[in-house]
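Below is one structure, written out as structure tokens, with a few remarks after it.
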Amino acid sequence: VYITSAIDMNMELAPKKTTKSYRSQDNAAKLGNSEALTKLGAIYYNENDYSKAAVYFRQADELENSKASYNLGVLYEKGNRVLPEVSDQETETFIQIGFFYENGIGVDHQIKKAIDFYQKAFKKRSPDASYRLGVLYEAGTGVEQDHQKAFEYFKFAAQMKIVSAI
């Protein structure tokens, strides 16, 4: 049950919350059944309750359900006002959220928030974040243009083998 097909799901695959089928999925999900969690995520996605869909997809993703992982990625990519959960250890998530804010993907375009997330990732020595910050400082996007800072960010990224920074 991939999200891309969830929109066209029939009643058997995406039961309404009032049906017996939904209740059985809900019961199975409470027991940690990753397929049931994924189906419930699709149900809520179809009802445009993206936050609740994300909750179910995350739970199934933690159980290593590849369909849920895919659906969660699509949900983030399409935006739907849902951002990935962030722990302090996840530099890639900081970069992803920064990119969403920088480009207005699924959220309002907010360059200052993008910079904040890139800086969090850079503090953890992320070469990708360093490169993104270099791009922003070079162009003066959301920050005062500063070629020296841009150079330093690009230099770090290049030392970490980010080819685009060279």
Side-chain angles (χ1 to χ4, degrees), residues 1-8 32 34-35 37-38 40-166:
V1 182
Y2 290 96
I3 240 181
T4 52
S5 63
I7 296 166
D8 300 319
S34 69
E35 285 299 317
L37 289 164
T38 302
L40 286 174
I43 290 167
Y44 284 104
Y45 179 87
N46 286 339
E47 294 177 356
N48 298 322
D49 189 343
Y50 303 121
S51 294
K52 209 163 213 178
V55 168
Y56 285 107
F57 290 146
R58 280 187 197 114
Q59 289 175 5
D61 177 58
E62 288 172 11
L63 296 171
E64 299 183 8
N65 183 300
S66 61
K67 291 176 188 175
S69 301
Y70 174 83
N71 290 350
L72 193 56
V74 170
L75 190 62
Y76 292 154
E77 184 178 19
K78 290 187 179 206
N80 300 316
R81 306 273 175 214
V82 176
L83 292 174
E85 290 182 346
V86 180
S87 80
D88 285 339
Q89 304 303 313
E90 298 182 62
T91 58
E92 292 305 313
T93 305
F94 288 140
I95 295 165
Q96 184 180 32
I97 293 173
F99 185 80
F100 290 161
Y101 277 117
E102 181 183 354
N103 296 287
I105 298 173
V107 294
D108 294 332
H109 179 261
Q110 296 182 50
I111 199 69
K112 296 289 185 198
K113 280 191 176 185
I115 291 167
D116 288 343
F117 279 102
Y118 290 148
Q119 287 175 336
K120 287 178 185 181
F122 178 70
K123 286 178 184 174
K124 296 188 175 296
R125 303 189 46 79
S126 166
D128 293 318
S130 184
Y131 174 76
R132 293 302 320 142
L133 287 165
V135 168
L136 296 174
Y137 274 96
E138 182 179 52
T141 304
V143 293
E144 187 174 326
Q145 189 175 41
D146 187 330
H147 293 291
Q148 184 59 40
K149 271 190 180 179
F151 174 77
E152 292 301 321
Y153 282 122
F154 285 141
K155 180 179 173 185
F156 177 80
Q159 289 170 341
M160 302 300 282
K161 310 292 187 232
I162 300 296
V163 177
S164 304
I166 298 174

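Of all heavy-atom pairs spanning Ser126 and Ile95, the tightest one is OG-CD1, 3.0 Å. Of all heavy-atom pairs spanning Ala157 and Pro127, the tightest one is CB-O, 3.5 Å. Taking all atoms of both residues into account, the shortest heavy-atom contact from Leu40 to Tyr56 is CD1-CE2, 3.7 Å. Between Ala53 and Gly41 the shortest heavy-atom distance is CB-O, 3.2 Å. The minimum heavy-atom distance linking Thr38 with Phe57 is given by the pair O-CE2, 3.3 Å. Scanning both residues, Phe99 and Ile105, for their nearest heavy atoms gives CE2-CD1, 3.6 Å.
Looking at Leu133 and Phe122, their side chains come closer than 4.5 Å, going by heavy atoms from C-beta outward. The closest side-chain heavy-atom distance from Tyr118 to Leu136 is below 4.5 Å.
No donor-acceptor contact under 3.5 angstrom links the side chains of Tyr44 and Asn46, judged on distance only.
The main-chain N or O of Glu138 is found under 3.5 Å from a side-chain atom of Gln145 such that the two form a donor-acceptor pair. Under a 3.5 Å cut-off, the side chain of Tyr131 and the backbone N or O of Ala158 do not form any donor-acceptor pair.
With rounding to the nearest 0.5 angstrom, the CD1 atom of Ile115 is 10.5 Å from the CZ atom of Arg132. Here the straight-line distance linking atom CG of Asp128 with atom CD of Gln96 works out to 12.0 Å at 0.5 Å rounding. To the nearest 0.5 angstrom, Lys113 atom NZ is 15.0 Å from Glu102 atom CD. In this structure, Ser34 OG and Glu62 CD are separated by 12.0 Å, a value rounded to the nearest 0.5 Å. Within the model, atoms CG of Asp116 and OH of Tyr101 stand 10.0 Å from one another, a figure rounded to the nearest 0.5 Å. Interatomic distance, OH of Tyr137 versus NE2 of His147, reported as 13.5 Å (0.5 Å rounding).
With Phe117 as the aromatic partner, Lys120 meets the cation-pi criteria of under 6.0 angstrom to the ring centre and within 45 degrees of the ring axis.
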